[in-house]
Structure formats: structure tokens, C-alpha cells
Amino acid sequence: MNLKLKLNVVPFVSVDNMMKLVLAIGVERFLLELAECIEADFRRWESFDKTPRVASHSREGVIELMPTSDGEVYGFKYVNGHPKNTREGRQTVTAFGVLADVATGYPVLLTEMTILTALRTAATSAVAAKHLAPKGARAMAIIGNGAQAEFQALAFKALLGVDTLRLYDIDRSASTKCVRNLAGLGFGITVCNSIEEAMEGVPIVTTVTADKQNAMILTDNMVGSGLHINAVGGDCPGKTELHADILKRSDIFVEYPPQTRIEGEIQQLPSDYPVHELWRVIVGLEPGRTGDRQITLFDSVGFAIEDFSALRYVKRQIEQTGLYDELDLLADPDEPRDLFGMLLRAAATPNAA
Ligand SMILES: NC(=O)c1ccc[n+]([C@@H]2O[C@H](COP(=O)([O-])OP(=O)(O)OC[C@H]3O[C@@H](n4cnc5c(N)ncnc54)[C@H](O)[C@@H]3O)[C@@H](O)[C@H]2O)c1
């Protein structure tokens, strides 16, 4: 299906169509294919425009814009993070995004990205873990069992074969929701009464809690040698999940250091503290895990290139499936300079506009 429609039209993927798309492809296949796209874009890391995301902070949360471009295609995401939102029935994180053609500046896709963000965050975590987690790791603790949790579980299953989960959340109903949602998907799941219990014997821990403070989800005594930590929930100034002592014992891997130093766990460390860039590991310029006793930490905050990969993947998929609506988004007068004339003609013939 050709997405080059009338010039006024931009393909729009609603939440409804995104859900249909993900279900038609299958969640695990979607995660695998998206992970491949993210890895491919990380391999050409140096060809992207990069900037820390533009964040507008308030007492309860943050609103962020995340732009990037590879010179041919431009993409950005609008995303918020408001941990108290769930108390009023709202999501902690919502998002939408745009792709545009650099040559004309015309948008070529507008899409929901709340679901897509959960998928791309999980896919990126699993890509990192492929390089950093102990070989053969099949069990993972997930601390924080909210909106992102099942996506994380399924990405680790699809990419690494993780089939054993130990769940903990301060709100037990979040864990039982996860158990219900993941039933029949090939996991053995234990709901735990404490973080310590959840961490017993696992080679991987994912922290994905939401709380706007310097939290101590993991303290130093909980972290044994050989562990891979996938730290997802600390992603804003003043919003972290790990005790600083853990960072000092870990080899730390990040997306884009200038952004992670502001937002990630490493905001707790001096600004020149050595970290490894994930893209350099993916292209083979640096090793990932090098030993059995090494503690590896993926200090995930989410970077614009991951959203760019996800947007391009979705664009390709809707071309094949037609799962989009035509959005009348761009004014398109017959004569490009006659924008005002178009307005006047609409007043004369309101239904013809
Ligand atoms: N790194 C990234 O790319 C990225 C992407 C998306 C979301 N996030 C972050 O991930 C976090 C989770 O997002 P979500 O959409 O799942 O949020 P959510 O509000 O749906 O779920 C968060 C869960 O954490 C639990 N929780 C809070 N404090 C806890 C604690 N001390 N111990 C155990 N559980 C605790 C809550 O009860 C809730 O169930 C947020 O902080 C969000 O900002 C990061």
C-alpha cells in the first residue's frame, strides 16, 4: 500500500490500530523485529543528529521532546512521566510521535506511542541484556509491575529465552495483574513479598518502578557478583532507583552519555565517571560482559534513536497492512502561496473545504 496520498493527508496510527498491528504481528515477533531495527540504527549511531531530550519539569512530572534525524528522515516523540497519574486512572507515561521527510519537511507519519514506547523500551533493554547478561540466563526479577512490566518480560523471553520471573511490587495487585496477563505465555512466575526475595538466585534484575524521588529500590547488599541490572525506572533528575554504591561496583552501559548523565542512575556520580556506550558494544568496538563475576548495569533512560527506529518500523508495517487512518493535517491550497485564498473559499463553500 502506498502511503504517498493526497498532500494534505498524513497517515495516522491510532491506539486502536496500533493494538491491531501488534496483535496481527504477534507481540514477541514485533519485539524481535523492533530489536533488530534498534540494533541496526545503533550500528550507524554516528550518522544521527543527537541531543539530550528537551525536558520541561514540574512538581509532579516531566514533559519531554525527543528529536533525532539521520539526514533523510526526521523523528520526534512527545512523552510525559507522571508517577502519581495512576491514582486518578491515568497512565504514568503517554506518548505520540512523528516522522518527517527531511527533503520537504512534510510529516509522513503521526502515531500513538504509549504502547510503542513500552515495546521499544523493552526491546532496547533486551538488546542490551543480550550483550551484558550472563550467558544462558533464564530467570529475571522484575521490581515494579506496572504498565511496562509485561513488555519487559516478553522482550527478555523473545531475545534471551527468559522463562522464569520473580515479581515484586509495593502494590500486590500490580503483580497479580502481571501474572494474569502473562498466563499461558510460557513463563513460570513467582510473586514475592520483598525485593530481597525476588532477587534470590536470579542472574538478571529489571527495576521499573515509578516514583519521583531518589529511591533505593536496590541497595548494595542485594547485589551479588555476576548480576545484570536493567535499570529502567530512574530516568529524570531526582528520580533514581539504585544506591550509588551499586554503581561503583558495576560496569555501566548507557545510551547517549550527555542525556544519561542528566537523567540516569549516573546523575549520582561525578560528571566524568567512566561509562560505556551501548552502541560501541553492539558494533564490537568494546566488549560487553567479560567475566562471570562482573556486575553489569544498563542505565536505561530511553533515547530518541530508539523511537526513530520504532517509528520507521511502524511506518513499514502500516504500508503492508493498511492499519492507519488518513489525517487531514496539512493545508494544501491549489496554488501553494494562496493559503489565505483557500480560507476564503472555505468560507464561501463550507462543505467544499
Ligand atoms: N528508560 C526508559 O526508556 C523508560 C521508558 C518508559 C518508562 N520508563 C519509566 O519506567 C517506570 C515505570 O513505568 P510504568 O509505565 O510501568 O509506570 P506504572 O506507574 O504503570 O508502574 C510503576 C509500578 O511501580 C510500582 N512501584 C512504585 N514504587 C515501588 C517500590 N518502591 N517498589 C516496588 N514497586 C514500586 C508501582 O506500584 C507501580 O505498579 C517509570 O518510572 C517510567 O518513567 C522508562
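Atoms within a ligand are numbered from 1 in the order they appear, just like the ligands themselves.
Not a single N or O atom of Y168, backbone or side chain, sits closer than 3.5 Å to an N or O atom of ligand 1. An N or O contact shorter than 3.5 Å links D169 to ligand 1 by distance. Taking any N or O of T117, backbone or side chain, none lies under 3.5 Å from an N or O belonging to ligand 1. Between D211 and ligand 1, no N or O atom pair is found at a separation short of 3.5 Å.
In terms of protein heavy-atom proximity, atom 1 (N) of ligand 1 is nearest to S300 OG, 2.8 Å. When hydrogens are left out, the protein atom nearest atom 12 (C) of ligand 1 is V208 O, 3.3 Å; that is the closest non-hydrogen contact. G146 CA, 3.2 Å is the protein heavy atom nearest to atom 21 (O) of ligand 1. Scanning the protein for heavy atoms near atom 20 (O) of ligand 1, the closest one is A147 N, 2.9 Å. Protein heavy atom nearest atom 28 (N) of ligand 1, with residue, atom name and distance: I170 CD1, 3.4 Å. The protein atom (non-hydrogen) at minimum distance from atom 15 (O) of ligand 1 is Q148 NE2, 2.9 Å. At the shortest separation from atom 30 (C) of ligand 1 among protein heavy atoms lies I217 CD1, 3.6 Å.
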Determine, step by step, whether N214 and Q268 satisfy the side chain to side chain donor-acceptor pair (under 3.5 Å) criterion, reporting the C-alpha distance in whole Å, the side-chain angles of both residues, the deciding distance to 0.1 Å, and the verdict.
-> CA-CA 9 Å; N214 292 115; Q268 304 179 72; 5.5 Å; no
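In the candidate list D307, T114, T92, T92 is nearest to atom 17 (O) of ligand 1, counting heavy atoms. Nearest to atom 42 (C) of ligand 1 by heavy atom, out of D235, N230, V79, T124, is D235. Distances from atom 40 (C) of ligand 1 to the heavy atoms of V93, V232, T209 show the closest one on T209.
For D211 (side chain) and Q213 (main-chain N/O), no donor-acceptor pair under 3.5 Å exists by modelled atom type.
A salt bridge links D70 to R44: one of the charged nitrogens lies within less than 4.0 Å of a carboxylate oxygen.
The list of ring pair (Phe, Tyr, Trp, His ring centres under 6.0 Å) pairs with a residue in residues 97-153, not counting sequence neighbours, is empty.
For the pair E306 and ligand 1, no heavy-atom separation below 4.0 Å is found. Proximity of K239 to ligand 1 is established by a heavy-atom distance of less than 4.0 Å.
For ligand 1 and G302, the ligand atoms under 4.0 Å from any heavy atom of the residue are 1 (N), 2 (C), 3 (O). Ligand-side atoms of ligand 1 in range of V301: 1 (N), 2 (C), 3 (O), range being under 4.0 angstrom from any heavy atom. Applying the 4.0 Å criterion to heavy atoms of A174 picks out, from ligand 1, the atoms 39 (O). Atoms of ligand 1 found under 4.0 Å from any heavy atom of T121, numbered from 1 in the order shown, are 2 (C), 3 (O), 4 (C), 5 (C), 6 (C). The atoms of ligand 1 that sit less than 4.0 Å from any heavy atom of R120 are 3 (O). Each of the atoms 19 (O) of ligand 1 lies under 4.0 Å from some heavy atom of T86.
When all heavy atoms are compared, the tightest approach of A158 to L32 is O-CD2, 3.6 Å. Considering every non-hydrogen atom in both L182 and A153, the closest pair reads CD1-CB, 4.0 Å.
No hydrogens or angles considered: nothing links the side chains of S14 and D16 as a donor-acceptor pair under 3.5 Å. Looking at N145 and S175, their side chains do bring a donor and an acceptor atom within 3.5 Å of each other.
Checking Y313, Y74, F48 one by one against F308, the ring pair (Phe, Tyr, Trp, His ring centres under 6.0 Å) holds for a single residue, F48.
Using a 4.5 Å heavy-atom cutoff, the side chains of E306 and V127 are not in contact.
Remark: aromatic rings of F303 and W45 are close, center separation under 6.0 Å.
More than 12 non-hydrogen atoms from other residues, nucleotides or ligands lie less than 6.0 angstrom from CZ of R43. Dense packing is recorded around CD of E335, with more than 12 heavy atoms of other residues, nucleotides or ligands lying under 6.0 Å away.
With a 4.5 Å cut-off between side-chain heavy atoms of Ile, Leu, Val, Met, Phe, Trp and Tyr, the cluster of M222 takes in I143, Y168, I170, I195, M199, V205, I217, L218, V223, L227, I229, L242, I246, L247, I252, V254, I266, L269, Y273, V275, I295, L297.
Residue contacts with ligand 1, taken as heavy atom pairs separated by less than 4.0 Å, do not involve I195 at all.
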